[in-house]
There are 2 protein chains.
Amino acid sequence: MNLKILAKELNLSFSTVSKALRDSHEISPATKQRVLEKAKELNYQVNPLASNFRKQKSKTIAVIIPEVVNDFFGPVINGIESIAQEKGYHVLIYLTHDSMQKELEISKLLQNGRVDGIMISLASQTSNTDHLNILKEKEIPLVFFDRIASEVGTPVVITDDYHCGFIATEHLITNGCKHIAFLTISENLSISNDRKNGYLDALKANNIKHDQALIRFCNEDDMSNKDNIKNLFSGNNQPDGIFASVEKLAVATYQICEELTLNIPKDVKVITFSNSYMAALLNPPLSTITHPAFEMGRESATILFKLIEKKGLNRIPKKTVLKSNLIIRASSVR
Amino acid sequence: MNLKILAKELNLSFSTVSKALRDSHEISPATKQRVLEKAKELNYQVNPLASNFRKQKSKTIAVIIPEVVNDFFGPVINGIESIAQEKGYHVLIYLTHDSMQKELEISKLLQNGRVDGIMISLASQTSNTDHLNILKEKEIPLVFFDRIASEVGTPVVITDDYHCGFIATEHLITNGCKHIAFLTISENLSISNDRKNGYLDALKANNIKHDQALIRFCNEDDMSNKDNIKNLFSGNNQPDGIFASVEKLAVATYQICEELTLNIPKDVKVITFSNSYMAALLNPPLSTITHPAFEMGRESATILFKLIEKKGLNRIPKKTVLKSNLIIRASSVR
DNA sequence: CTGTTAGCGCGTTCAT
DNA sequence: ATGAACGCGCTAACAG
């Protein structure tokens, strides 16, 4: 079943049929009608592979993220999908598992027209952006969200991480914390650094001397992270507040506090970045900074499609900043 | 940059170059070497759109699921992706949001060679399978996982839902429950029915008369679900055990119990199907039946690729059953 | 308004 | 071992 056969059935040339199917203005309504009916009758559908090839467009976008089992990236995908579907686009998902090597390989796969645009949130291990510059040079529409590389120069969508780092830290200070530890996951990531800077500036603004020993870099390994956190409490400068930059580190903190019979929030106050609706159900309920994940997906997808369709290009902001919410619960108040 | 240009640079015909790149035996090693080097030098990559078109293969599979913000479907995608990547395939994600209409539209998009194979977990609203039969008739490799339509006749991968429904119910009975409510989400879904049948048979096996008023169908709306659950406790037959078939209903139960100042597990015992690692952190820790989600993704993807590659077709089981784990925590023991 | 024609870039068959 | 030629199915430029 293809255009040729359909055209023969209709005694029309296949180019006429092709135009009719795409509702071209140069085809008479009567013919369109006939073609459409016959197409339906014979259950004709264009061969997307041929059509894509001919147009050198795939009607597909790629989303590159570190992981999918995640209360942030999940809703982001929802947001992206909601826009992609409106636009009639398909969504490819690629997972880097926070590996720069994987990110590189994936980028390579996408250099050659397989997708019409790319949205990416960087792997925590990504320390240089050559692979992304190549995509940019090839003029493949590219949007960064959350974990960005602003030096590439394509549009980025982020949240107010610095500000949130600042106010979360101040919140702990207001609630009596004097020794606040900061748990982070990467030295490369834009978000980690923004959050950390917010934390540091809040300490400074409140005349609290920052202690490098209270800043802990964690990794993928839960065990070593727990040791790392436990170790905090056996140092000279024991923390009375923990600010975790990702949820899993707050959870690890809960587990360590249970182990060490430290009461949250009496002995240690805890706050974290997290999008899990379960945070409210923990014991005690966990204070969070929560991102507008769905909106971030929609916003970045909207920008990507402007890039793809080359519409309103001059009105695309280089940087879009969405507001996150500080949700205070029992874990961080005295 | 294409084959023709590359061939010109090498003073070879482009068919020779094409063959060399695909390591054809009819090309001399020396030429292959030359071609490969030049290709690398000029950073040549095949145009995937042209290649796909020519071969009528997309090197892409589709995964159709109800939602992605979910501790079950997330790891399933991980499992699928891990296999797809090994095989050099791309993964398209489609979300039905549990709507049959969406599922139908998506199926239609995939009828025409856009993907080489499809993995699907049905929308809870899906009540007939015509759209899936069409895919089968078109001989598109198709695998069902978790929420299956076995009547279509393509391979399915599930967990032992009936058995888990049975043992979870027996567990509640063993812990003293005599009035066990069952919270479910759909009358269409294979998994819901299997779980319910396990529940009913466990009651029967323990000489407990089942009360239809204790079986509640819930929906997408959190508010009405909560009302529904609250209503359970104002009926004649107040439950002393709640068996939730999905996590969000257990969470709603926790919230209602808090509201009604009912103690879990003293007044009501709770158990649920859930894959959230946070279950252990709730107050009280929540007993769960936990699926091997990652494994399910890998298993179904493995089967799909056998279908796609037509390898070992006779060794593909019509039905693969994976074992789930009953994880007893404080919410369900006396 | 309809038809004819020429590729898109690649893979394959057949000839040399 | 290499090259010439065809066509996958569709779109679009051009003719009529």
Side-chain angles (χ1 to χ4, degrees), chain A residues 1-39 42-60 88 90 109-116 138-140, chain B residues 1-39 42-60 88 109-116 138 140:
Chain A
M1 186 70 243
N2 60 25
L3 256 193
K4 217 185 274 178
I5 298 176
L6 180 59
K8 191 167 285 172
E9 289 284 327
L10 285 157
N11 281 323
L12 286 170
S13 80
F14 71 92
S15 77
T16 304
V17 176
S18 170
K19 284 175 196 162
L21 288 172
R22 272 167 306 105
D23 202 28
S24 162
H25 57 274
E26 28 178 330
I27 303 295
S28 76
T31 315
K32 277 182 191 168
Q33 180 77 1
R34 266 186 69 216
V35 170
L36 253 38
E37 274 170 15
K38 200 67 171 178
L42 301 183
N43 193 27
Y44 170 79
Q45 291 175 257
V46 300
N47 179 328
L49 262 31
S51 174
N52 288 343
F53 166 55
R54 180 58 234 253
K55 294 189 285 194
Q56 288 296 313
K57 286 274 169 245
S58 62
K59 277 274 181 182
T60 303
H90 304 256
L109 286 176
L110 303 180
Q111 282 175 26
N112 256 293
R114 185 178 293 278
V115 295
D116 298 344
K138 298 217 170 193
E139 297 188 346
I140 300 169
Chain B
M1 187 70 241
N2 59 25
L3 258 193
K4 215 186 277 179
I5 299 177
L6 180 60
K8 191 168 285 172
E9 289 284 327
L10 286 157
N11 281 323
L12 286 169
S13 82
F14 72 92
S15 74
T16 305
V17 176
S18 170
K19 285 172 194 164
L21 288 172
R22 272 166 308 103
D23 202 28
S24 162
H25 57 274
E26 27 178 333
I27 303 296
S28 74
T31 315
K32 278 182 191 168
Q33 179 77 3
R34 266 185 70 216
V35 170
L36 253 37
E37 275 171 13
K38 199 67 170 179
L42 300 183
N43 193 28
Y44 169 80
Q45 292 175 257
V46 300
N47 179 326
L49 261 33
S51 174
N52 288 343
F53 167 55
R54 180 60 236 257
K55 294 189 285 194
Q56 288 295 312
K57 286 273 169 247
S58 62
K59 276 276 180 181
T60 303
L109 286 175
L110 303 179
Q111 281 175 27
N112 256 293
R114 185 179 293 278
V115 296
D116 298 345
K138 299 218 170 192
I140 300 169

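Being a predicted model, the structure only gives us computed values, none of them experimental. Naming: A, B, ... by sequence-line order, numbering from 1 per chain.
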All side-chain hydrogen bond (donor to acceptor under 3.5 Å, both in side chains) counterparts of B/Glu9, not counting sequence neighbours: none
Positions of residues 15-28 of chain B (non-hydrogen atom under 4.0 Å from DNA chain C), listed by number: B/Ser15, B/Ser18, B/Lys19, B/Arg22
Partners meeting side-chain hydrogen bond (donor to acceptor under 3.5 Å, both in side chains) with A/Thr60 (sequence neighbours left out): none
Heavy-atom contact window of chain A on DNA chain C, given 5' to 3' at under 4.0 Å: C/dC1 to C/dG9
Atom pair distance, as rounded to whole Å: CG in B/Leu49 and C1' in D/dG9: 13 Å
5' priority, DNA chain C, between A/Lys55 and A/Pro29 [closest heavy atom]: A/Pro29
Qualifying residues under side-chain contact (heavy atoms from CB on, under 4.5 Å), relative to B/Phe14, sequence neighbours excluded: B/Leu3, B/Ala7
Short side-chain donor-acceptor distance under 3.5 Å, A/Asn52 and A/Ser58: no
side-chain contact (heavy atoms from CB on, under 4.5 Å) involving A/Lys8 - partner list, sequence neighbours excluded: none
Contacts of A/Leu6 that satisfy side-chain contact (heavy atoms from CB on, under 4.5 Å) - sequence neighbours left out: A/Met1, A/Leu10, A/Val17, A/Leu21, A/Lys38, A/Ala39, A/Leu42, A/Tyr44
d(CD1, A/Ile5; P, D/dC8) in whole Å: 11 Å
Sugar-phosphate only, base, or nothing, as touched by B/Leu12 at under 4.0 Å among non-hydrogen atoms: sugar-phosphate
Residues in side-chain hydrogen bond (donor to acceptor under 3.5 Å, both in side chains) contact with B/Gln45, at least two apart in sequence or another chain: A/Asn112
Atom-to-atom span, CG of A/Asn2 to C1' of D/dG7 - whole angstrom: 12 Å
Where at least one partner belongs to residues 12-21 of chain B, residue pairs that pass side chain to side chain donor-acceptor pair (under 3.5 Å), sequence neighbours excluded: B/Ser13-B/Ser15, B/Ser13-B/Thr16, B/Ser18-B/Arg22
Bend angle of the helix from C/dC1-D/dG16 to C/dT16-D/dA1, end axes from five pairs each (to 10°): 40°
Heavy atoms from other residues, nucleotides or ligands near CD of A/Glu139 exceed 12 (cutoff 6.0 Å): no
Spacing between A/Lys4 atom NZ and D/dC10 atom P, to the nearest angstrom: 10 Å
Nucleotide D/dC8, atom C1' - distance to CG of B/Asn47 in whole Å: 14 Å
Sugar-phosphate, base or nothing in reach of B/Leu3, heavy atoms under 4.0 Å: sugar-phosphate
Sequence-distant partners of A/Asn11, side-chain hydrogen bond (donor to acceptor under 3.5 Å, both in side chains), two or more places apart: none
d(NZ, B/Lys32; C1', D/dT2) in whole Å: 13 Å
Distance in angstrom units between A/Phe14 CZ and D/dG9 P, rounded: 11 Å
Under the salt bridge (Lys or Arg N to Asp or Glu O under 4.0 Å) test, residues paired with B/Lys59 that sit two or more places apart: none
